[in-house]
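Just so we're on the same page: letters track the sequence lines, and every chain starts at 1. Worth saying up front: this structure is predicted, and the values here are computed from it rather than measured.
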Amino acid sequence: MALRIYNTLTGSADELVPGGIKKEKIGDYPPVTIYSCGPTVYGYAHIGNFRTFVFNDFLRRYLKFRGFRVDHAMNITDVDDKTIAGAVTESISLKEYTERYTAIFQEDLTALNIEPVEHTPKATESIGAMIEIIDLLVKKGYAYAMEGSLYFPVDRFKSYGRLSRLNSREIKSGLRYDTDEYAKDDVRDFVLWKAPKENEIYWDTPVGKGRPGWHIECSAMIRKIFKTTIDIHTGGVDLIFPHHENEIAQSEAAYGEQFVRHWIHVEHLLVNGSKMSKSLGNFYTLRDLLAKGYSARSIRFLLVSAHYRKQFNFTIDGISQADQALERFDNLLIRLKEIKKEGAPNPHVPNLIDSIFADFTGAVDDDLNISRGMGMVFEFIHAVNTMINDEKLTRMDADSIMLALKKIDAVLGFIFSEGSEKPGIDAAWVESMIAERLAARNSKDYGRADAIRRILLEKGIILEDTREDTRWKIRN
RNA sequence: GGCGCCGUACCCAAGUGGCUAAGGGAGAGGUCUGCAAAACCUUUAUGCAGCGGUUCGAAUCCGCUCGGCGCCUCCA
């Protein structure tokens with residue numbers, strides 16, 4: 001079975017064929033080249049932004065799970081109107097400003113268990129690559145100057161609008177564009193290189209003094225890193241037009257070859273039924289939520305679990321539900337670790353493991369249907385729990401199930417939580433309390449036993465008695 | 001105004017032509033247990049926004065209606 005993913009360019013779920021030439025085995029393919037539109041580092045990214053970044057991470061992890069190699073780039077936009085304005089507001093240099101928010105962004109990615117990608121180019125460090133493409137566009141007649149800026153003439157690029165399916169840009173009713181107000185020949189034309197403004201950062205280059213237009217950055221970086229047609233380009237749906245449309249126009253006009261084979265767009269995160277965005281002010285940052293006591297792990301679970309092509313309404317209640325669901329994993333892992341039974345492995349376990357891999361892969365191969373895939377994982381958990389109840393698992397079985405879960409978690413990234421030992425809790429003290437409680441129970445002093453349970457609960461520690469002994473865990 | 005998406009149980013969410021409509025959360029009953037928890041078992045949509053139509057057969061295809069959202073402008 002092949003991995004199929006919806007391609008915005010073709011409007012259908014296309015098989016992923018890295019390099020564009022079909023091979024017999026996945027291992028024969030060249031690395032999948034992926035470019036993801038990264039953040040503009042002004043202020044804190046919100047979790048709507050992180051939905052896309054978590055998706056990118058899930059995608060690359062799944063590709064690796066399926067045996068592909070990946071070569072993935074994500075840019076950092078560190079010069080544009082917003083970053084310039086932000087630096088002015090905070091009265092610091094642009095570099096200082098963008099470095100601050102880039103560092104914060106990286107911390108958030110780490111908190112969400114997002115893997116580092118192979119390349120993270122910054123706009124300000126890629127000016128040379130931008131000049132190269134702009135120069136080519138000028139030479140080929142795909143650029144015109146006006147008031148010191150360079151623009152791309154959209155009408156010269158015949159397939160413009162193919163990605164967004166906006167053949168001739170429709171004008172919103174009741175809103176008329178006065179073309180005289182635009183310093184361009186056509187309202188659709190976009191800027192490649194912006195003329196310097198008073199007191200603003202600029203670069204003195206062969207194509208003139210100024211700074212990059214928004215779209216040129218991605219085209220230039222893709223060329224610089226990957227040299228030729230890339231396999232996958234990802235981003236939020238709001239980038240389809242005009243950003244990605246313009247990237248295609250520039251790159252294909254300049255280099256005369258296909259820019260990207262497979263366009264993947266992630267739908268919006270909604271809050272109270274409307275798009276979460278900075279301009280609307282209806283957003284949560286990761287830090288807001290962590291400060292309220294929700295875990296990054298639960299947020300990752302929530303963001304991963306929603307299918308990427310569906311708008312997803314973000315709610316606090318949703319995080320709580322995710323929290324509860326994660327406890328099923330935690331409890332299963334605790335139970336698996338406790339299995340001590342020696343002896344030959346249960347012959348049914350390998351079949352069970354084979355089928356979870358087959359079911360999971362079958363589901364996710366279908367346009368990354370992770371919701372169904374996770375349903376399969378929960379069914380697996382259920383089956384394993386039942387076998388534990390019936391004492392049908394040996395130590396070896398438990399280890400092989402644990403290994404299978406680790407492989408699946410290489411994709412999901414939330415089953416095994418790191419740092420389960422929370423700081424501020426003295427394990428030895430907990431153990432001594434448990435011992436005291438055991439003594440109280442043995443002498444049938446249940447009042448004392450229950451008091452100890454309450455004392456620990458106040459510290460967020462939950463006691464659970466099993467047949468052999470008492471285990472403890474930290475309340476989420 | 002143009003283009004597109006969505007409406008499945010108390011909540012979240014798969015399923016897009018054919019056995020009894022996945023899965024998670026929450027609730028109820030049960031097993032186990034000094035208590036509690038965990039886990040397991042049972043249970044909660046003759047029903048898939050509404051109305052028509054196509055079909056032997058539709059949540060799934062077509063039409064209309066209602067409701068919600070997105071893009072067309074910086075935006076993940």
Side-chain angles (χ1 to χ4, degrees), chain A residues 11 36-40 42 45-56 80-82 161 164-175 177 187-188 214 234-243 245 265-270 273-280 283 301-302 305-315 317-328 330-332 334-335 359 363 366 369-382 384-390 440-441 444-447 449-450 453-454 457 462-467 470-473:
Chain A
S36 300
C37 281
T40 299
Y42 71 109
H46 60 65
I47 55 159
N49 303 131
F50 284 117
R51 179 187 192 184
T52 304
F53 302 127
V54 166
F55 169 77
N56 293 154
D80 80 317
D81 292 346
K82 283 175 173 148
S164 56
R165 294 174 175 75
L166 294 172
N167 291 329
S168 57
R169 191 160 77 165
E170 300 291 340
I171 308 295
K172 217 185 224 174
S173 70
L175 200 162
Y177 286 92
V187 285
R188 297 176 301 163
W214 175 34
T234 72
V237 287
D238 48 4
L239 298 184
I240 295 171
F241 186 90
H243 186 50
E245 199 72 72
H265 290 101
V266 182
E267 256 297 351
H268 287 310
L269 195 68
L270 309 181
S274 63
K275 175 182 167 178
M276 181 178 289
S277 77
K278 285 191 181 176
S279 48
L280 291 173
F283 61 89
F301 177 97
L302 191 62
S305 66
H307 186 82
Y308 77 102
R309 281 206 295 130
K310 264 191 138 176
Q311 291 174 343
F312 182 69
N313 195 30
F314 181 85
T315 60
D317 189 48
I319 308 177
S320 304
Q321 291 197 6
D323 251 345
Q324 291 303 117
L326 283 169
E327 273 205 61
R328 290 179 69 81
D330 294 340
N331 288 324
L332 177 73
I334 290 168
R335 299 184 84 204
D359 291 347
D366 177 15
N369 190 341
I370 191 58
S371 309
R372 207 168 109 218
M374 281 171 59
M376 303 297 182
V377 173
F378 279 108
E379 284 182 359
F380 174 73
I381 290 176
H382 176 77
V384 172
N385 267 320
T386 301
M387 292 175 100
I388 295 174
N389 277 13
D390 297 345
R441 288 177 69 206
K444 305 234 187 278
D445 180 2
Y446 295 121
D450 290 347
R453 181 195 288 289
R454 275 195 303 276
L457 189 60
I462 296 166
L463 297 186
E464 293 175 1
D465 296 328
T466 67
R467 204 165 297 175
T470 299
R471 68 186 175 213
W472 61 280
K473 64 184 183 185

Check whether any side-chain nitrogen or oxygen of A:Asn369 sits under 4.0 Å from OP1 or OP2 of B:rA14, and answer yes or no.
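A:Asn369 to B:rA14 OP1/OP2: no side-chain N or O under 4.0 Å.
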
Within less than 4.0 Å of OP1 or OP2 of B:rA39, is there a side-chain N or O belonging to A:Asn385?
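Indeed not, no polar side-chain atom of A:Asn385 lies that close.
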
Heavy atoms only, 4.0 Å cut-off, all strands: where does [X] land among base, sugar-phosphate and nothing?
X        : result
A:Leu463 : base
A:Phe283 : nothing
A:Gly48  : base
A:Ile334 : nothing

Does the side chain of [Y] come within less than 4.5 Å of [X]'s, by heavy atoms?
X        : Y        : result
A:Phe312 : A:Leu302 : yes
A:Val237 : A:Val266 : no
A:Asp465 : A:Arg453 : yes
A:Lys473 : A:Asp330 : no
A:Phe301 : A:Asp323 : no

Within this structure, what is the [atom1]-to-[atom2] distance between [X] and [N], rounded to whole angstrom?
X        : N      : atom1 : atom2 : result
A:Asp81  : B:rU73 : CG    : C1'   : 13 Å
A:His265 : B:rC5  : NE2   : P     : 16 Å
A:Asp317 : B:rC11 : CG    : P     : 11 Å
A:Arg471 : B:rA38 : CZ    : P     : 10 Å
A:Leu239 : B:rA76 : CG    : P     : 7 Å
A:Glu245 : B:rC3  : CD    : C1'   : 13 Å
A:Phe314 : B:rA76 : CZ    : P     : 18 Å
A:Arg441 : B:rC35 : CZ    : P     : 10 Å

With sequence neighbours excluded, tell me which residues meet side-chain hydrogen bond (donor to acceptor under 3.5 Å, both in side chains) with [X].
X        : answer
A:Asp366 : none
A:Thr234 : A:Ser36, A:Asn56
A:Ser274 : none

Let's test this: given Watson-Crick or G-U wobble pairing with both distances under 3.5 Å, identify the partner of [N].
N      : result
B:rU55 : none
B:rC32 : none
B:rA45 : none
B:rC19 : none
B:rC66 : B:rG7
B:rU73 : none

If you take all heavy atoms of A:Ser371 and A:Ser305, which pair is closest and at what distance?
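Nearest heavy atoms, A:Ser371 then A:Ser305: OG-O, 3.0 Å.
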
Integer angstrom distance from the [atom1] of [N] to that of [M]:
N      : M      : atom1 : result
B:rG50 : B:rG30 : P     : 36 Å
B:rG29 : B:rA22 : P     : 25 Å
B:rC51 : B:rU43 : C1'   : 34 Å
B:rC61 : B:rC56 : C1'   : 16 Å
B:rA14 : B:rC6  : C1'   : 15 Å
B:rA13 : B:rG18 : C1'   : 24 Å
B:rU8  : B:rG68 : P     : 14 Å
B:rC62 : B:rU20 : C1'   : 29 Å

Going by modelled atom types, is there a donor-acceptor pair between the base of [N] and the side chain of [X] at under 3.5 Å?
X        : N      : answer
A:Lys310 : B:rC5  : no
A:Asp390 : B:rC40 : no
A:Arg335 : B:rA39 : no

Close N/O contacts between protein and nucleotides 67-70 of chain B (under 3.5 Å):
residue, atom, partner, partner atom, Å
B:rC69, O2', A:Gln311, OE1, 2.9
B:rC69, O2', A:Gln311, NE2, 2.9
B:rG70, OP1, A:Lys275, N, 3.2
B:rG70, O4', A:Gln311, NE2, 3.1

Looking at A:Glu245 and A:Arg188, is there a salt bridge between them, counting it only when a charged N and a carboxylate O are closer than 4.0 Å?
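Result for this pair is no, no salt bridge flagged.
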
If you only use heavy atoms from C-beta on, which nucleotide in B:rG34, B:rA76, B:rA38 is closest to the side chain of A:Thr52?
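Between B:rG34, B:rA76, B:rA38, the one nearest the side chain of A:Thr52 would be B:rA76.
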
Both A:His307 and A:Asp450 contact RNA chain B. Taking the nearest nucleotide for each, which residue is further toward the 5' end?
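Looking at RNA chain B, the more 5' nearest nucleotide goes with A:His307.
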
Reading nucleotides 18-32 of chain B 5' to 3', which nucleotides get B (base under 4.0 Å from a protein heavy atom), which S (sugar-phosphate only), which -?
----BSBSS------

Using distance only, find each side-chain donor-acceptor pair of residues 46-53 of chain A under 3.5 Å and give its atom names and separation, not counting sequence neighbours.
residue, atom, partner, partner atom, Å
A:His46, ND1, A:Gly48, N, 2.9
A:His46, ND1, A:Asn49, N, 3.2
A:Asn49, OD1, A:His46, N, 2.9
A:Arg51, NH1, A:Glu267, O, 3.1
A:Arg51, NH1, A:His268, O, 3.0
A:Arg51, NH1, A:Lys310, O, 3.0
A:Arg51, NH2, A:His307, O, 2.8
A:Arg51, NH2, A:Lys310, O, 2.8

Without swapping roles, check the side chain of A:Thr470 against the backbone of A:Glu464 for a donor-acceptor pair under 3.5 Å.
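A pair under 3.5 Å: no.
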
